[in-house]
K.L.:
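Once you've had a glance at the structure underneath, I'll fire off some questions.
Proteins get letters first, then strands, A, B, ... in listed order; numbering begins at 1 in each. Values reported hereafter were calculated over all heavy atoms of this structure, with side chains retained and with hydrogens, waters and symmetry mates removed.
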Amino acid sequence: MKFGVVVFPGSSCEADCYYIIDQILQEPVSYLWHAEQDLRGVDCLIIPGGYAYGNYLRAGAIASNSPIMEKVIAFGKKGGLILGICNGFQILTEAGLLPGALIKNRSLRFQCENTLLRVEQTNTPFTSTYTQHEVIKIPIAHEEGAYVADKETLERLEKEGRIVFRYCNEQGEITPETNPNGALNNIAGIINEQGNILGMMPHPERCAEAILGGEDGERIFSSLLAWWQGGAGR
Amino acid sequence: MKEDFWKEVGLSESEYELIKEILQREPNEVELGMFGVMWSEHCSYKNSRNVLKQFPTEAPWVLQGPGENAGVIDIGDGQAVAFKIESHNHPSAIEPYQGAATGVGGIIRDIFTMGARPIASLNSLRFGSLKSKKTQYLFSGVVSGIAGYGNRIGVPTVAGEVYFHPSYEDNCLVNAMSVGLMNHEELAKGFASGPGNPVFVVGARTGRDGIHGATFASEELSEATEEKRPAVQAGDPFMEKLLMEACLEVIKTGYVVGMQDMGAAGITSSACEMASRAGTGIEIDVAKVPCREEGMSAYEILLSESQERMLIVVQKGKEKEVQDIFTKWDLEATVIGQVTADGQMTIREGKEIVAQIPAKALTELCPRYDREAKEPEYLAQAQGYDLASLPEMEDYGKVLVTLLGTPTIASKEWVYSQFDYMVGTNTVVPPGSDAAVLRIKGYNKGIAMKVDGNSRYVYLDPYRGGQIAVAEAARNIICTGGKPLAITDCLNFGNPEKPEIFWQFKQAVAGMSEACRVLGTPVVGGNVSLYNETNGEAIYPTPIVGIVGLVEDLAHVTTLGFKQEEDIIILLGITKDELGASTYLSVIHGLEAGKTPEIDLELEKQVQQATLELIKMGLVVSAHDCSEGGLAVALAECCIQGKIGADVALTENIRPSSILFGESQSRIIISINKSKIDLVLQQLKKFQVPYKVLGSVGGDSLNIAGSGWKVNVDVAEMEEKYREAIACLMKG
């Protein structure tokens, strides 16, 4: 399965994503420079975290208009797999591939910490190796990570089962106390209507090895591979 | 030019006379401005250089010692680590967000200038009492400035330390450290070699910001300082990220002859330092420097401290290749001059020569001063304070909880959770342990790093305090499973023209040097920050040690939290009746007095070596050094991080306050599996290290029994106090 990691000049998690695919998943992966428009025939795109163009404006606002995004949008609309992590999630909402927006954390500060997530949907290419309502540990690191959307959108996301991860506690309970950033309905990650584009604020690439204190994040990548090998790629 | 313009640029009359003698003529205004910044303490180290000569700087693993943009050490496998610490105190005291942010930016540039990719940032911060509104403003501004810059550039901030003490009320300290990784062959240096080679300025445009920042950093603060806010630069971390990536890419081409970042004193310092090191000259046309605003004078362009700029000397004929890389990163790269053979720093504005000074006159010919040193009067009285007359407390459990809730001791989670400490996916030991450990991808090894310094120890005995600063930093590395390799230091003191301050400085450096020699950790770089005074009041003398060590095998990585029921707790080292200079005295009795704890460097070395050997043998489950708050606080931290209790007996025949809260040096708490006790004790005897079996891990409270007294505190209660103290004060 061929992966591509989109690199904006201010991306900072591109090498971390590359490493996971190359070293842990051991699948082919290449970097895709923001100024180019060639997706090199990849099967899955990763939009990594970081500060694409500095994020001095709304996070992701400039990136969503960069040359490569035209191709990314077309790729996504055709059903291509896209995983947006942190700033990648912000870019996907700014580009209109995912609904809603990410606003400043309730604390008004940058927050780097481990969070617990409840897996709400295992029937996606990104989460098939998790069990329904499994509690997993994946860290966040963001200042603008509170997911918001208008009432109708939120209702639709809920009804269509498109909320993939929610912040929870060890028992899997979803409460205001388990919400690190003020996201509506404790939303940590959502999927698009077609089910091929996932955006999430937590960083799965940061907990995909035991030495870094957890491996729960690795299963997002191995789910993608399993899904691909299970038929989607043939 | 005004007659006494030399005064305005911070020069003394004798320095002005010396300049005339060197030039054999009157300097013009531009030249005087250049001398002013280059001969400031900040750039020239004129008051400190003779003292700094005491530092040992060599070891077989040192690839680059002091004198370059950063020190570099070998870590095997053809790899090297570049690291350095630097102060940004004055700017942060005036404009905390930008002051701290540009401090981070400056030190990161020093690292990638050497050809190393920055992989970690650290910081050491000092503020006044956290109860004061001003401190809260400075503290939150500095922390968000570090976060705003460090997070954006994608380098994790992995370790640090914060102390609160009234002596820093108006003069906070912000010391930033950066650590980078490279292959040996990528080592780049700041040499302007090869006459005829083009000189590039790359990165941000030059603006009117930060003019005379270096001079400002070399003066005391006062009410009038507020007006110097324009001397503080504004940072653009996105620009720096581009600059970093482009510079690292351009170094890999092999076309770079020399590179230096433009920090203090901007183009002036980078150009004359590079020429001076190479024994060459440099010719620059300021009209070619891309400026942010129109009508900037030569004087302003030469002294601007606009951030995110570099000076690069490139092989002649490779201009296009170099330019293309910067273009790819959307950066300007402009040829502004060339290297010459005449040893002169020649500044043109178009055809006209506006300044011409021998490059070495700005660097090596700066006068050096041996200031008068005199023991301060406060010292004898403070050291002689009769601590024996202090009453013992009724409830030591309560004292322990109070200490855990003291901002200096309490968890710094409020700070480090604002820093992205995970980006790069190498952080094996995150903030909150004795030192941070980063793995090196592709190898089974890691590097441990930490910053440390206790100014109360230095205030009450600069020599011993200096020794302890180095010893404790090394101990922190040992406790995480690393072998200490080398240090970088940031020496924050008051006005060196005052004999008492200079005495503190000399003594502290002598103590540090001695500890470096005994512990085998040379100094490979650093920074001196003097004139840390407000309205004539100096800060506590604050030498900060930044240290890097090698974890030879990631299996050696050790953290401080107790891990499992029934593990045996052992204390290495000796607990003495030493309450002097302790946090306990300061917090509970309001006393900054007594003698700084003794330190026997040979014992220190033994304890450290024994601990590391036990770790390497796989016998150590947890390790933690005893520092502020003494044994009781250290045990509490082991319990809090491990979320498990402990039962220990402390039977020394000294008073309970000293046993619990005295800060005797060279002590490390380890926990081991109970089945390994015989083996561990046998090893400790072999190492001839004094030790004491204290008790065992288990339960959900910390129980300490002494002769006729005891302490019982729930871990949950300690944790709440420890974790929430700073957040609570910041909410208030």
Side-chain angles (χ1 to χ4, degrees), chain A residues 7-20 22-24 33-36 48-57 59 62 66 85-87 105 107-115 138-144 180 202-214 217-218, chain B residues 117-119 140 143-144 146-158 235-246 327-331 413-432 437-439 441-442 444 446 554-555 557 559 727 730-731:
Chain A
V7 186
F8 299 98
S11 295
S12 44
C13 304
E14 77 280 16
D16 303 349
C17 292
Y18 187 101
Y19 178 82
I20 294 303
D22 184 47
Q23 295 291 316
I24 308 295
W33 185 239
H34 71 111
E36 289 162 18
Y51 289 79
Y53 290 90
N55 290 2
Y56 295 127
L57 191 59
I62 298 179
S66 73
I85 302 166
C86 196
N87 188 216
N105 298 344
S107 68
L108 304 181
R109 289 194 299 268
F110 189 96
Q111 286 171 256
C112 180
E113 60 195 58
N114 276 308
T115 53
I138 300 188
I140 56 167
H142 59 242
E143 189 167 354
E144 295 169 42
H203 285 270
E205 81 281 9
R206 295 186 178 188
C207 55
E209 295 166 275
I211 190 156
L212 299 180
E218 189 271 339
Chain B
R117 172 169 288 277
I119 56 164
S140 66
V143 171
S144 48
I146 293 171
Y149 206 104
N151 298 345
R152 266 197 173 80
I153 197 167
V155 176
T157 303
V158 298
D236 178 355
F238 177 60
M239 175 65 86
E240 174 122 329
K241 163 88 174 158
L242 304 181
L243 190 60
M244 173 172 83
E245 297 297 345
T327 305
K328 172 187 158 191
W329 290 97
D330 292 327
L331 292 173
E413 193 178 330
W414 188 89
V415 178
Y416 66 72
S417 66
Q418 296 186 53
F419 304 149
D420 188 346
Y421 53 84
M422 300 174 178
V423 61
T425 58
N426 296 318
T427 313
V428 174
V429 179
V437 179
L438 273 80
R439 56 120 175 237
K441 285 192 178 112
N444 189 33
L554 290 175
V557 170
T559 53
M730 292 308 287
K731 258 183 233 157

K.L.:
Given the options B:Leu554, B:Val423, B:Val428, B:Val429, which has more heavy-atom pairs under 4.5 Å with chain A than any of the others?
P.N.:
B:Val423

K.L.:
Is A:His142 close to A:Glu144 at the side-chain level, that is, under 4.5 Å between some pair of heavy atoms?
P.N.:
no

K.L.:
If we count only N and O atoms by modelled type, under 3.5 Å, do the side chains of A:Tyr51 and B:Asn151 hold a donor and an acceptor together?
P.N.:
no

K.L.:
Excluding sequence neighbours, so at least two apart, what forms side-chain hydrogen bond (donor to acceptor under 3.5 Å, both in side chains) with A:Glu143?
P.N.:
A:Lys104

K.L.:
At a heavy-atom distance under 4.5 Å, which candidate from B:Val557, B:Leu242, B:Thr425 has the highest pair count against chain A?
P.N.:
B:Thr425

K.L.:
Specify which of A:Cys207, A:Gly49, A:Ala208, A:Pro9 makes the most heavy-atom pairs with chain B at under 4.5 Å.
P.N.:
A:Pro9

K.L.:
Side chain from CB out, backbone as N, CA, C, O: work out which of these in A:Glu209 comes under 4.5 Å of a heavy atom of chain B, or both, or neither.
P.N.:
side chain

K.L.:
Identify which part of A:Tyr53 has an atom lying under 4.5 Å from any heavy atom of chain B, answering side chain, backbone, both or neither.
P.N.:
both

K.L.:
What residue among A:His203, A:Gln111, A:Arg206 forms side chain to side chain donor-acceptor pair (under 3.5 Å) with B:Asp420?
P.N.:
A:Arg206

K.L.:
Give, as side chain, backbone, both or neither, the part of A:Ser107 having an atom under 4.5 angstrom from any heavy atom of chain B.
P.N.:
neither

K.L.:
Is any side-chain heavy atom of B:Ser140 closer than 4.5 Å to one of B:Trp414?
P.N.:
yes

K.L.:
Within the side chain of B:Thr427, is there an N or O that forms a donor-acceptor pair under 3.5 Å with the backbone of B:Tyr421?
P.N.:
yes

K.L.:
Pick one of side chain, backbone, both or neither for A:Ala52, based on which atoms fall under 4.5 Å of a heavy atom in chain B.
P.N.:
backbone

K.L.:
Where on B:Asn426 is there a heavy atom nearer than 4.5 Å to chain A: the side chain, the backbone, both, or neither?
P.N.:
backbone

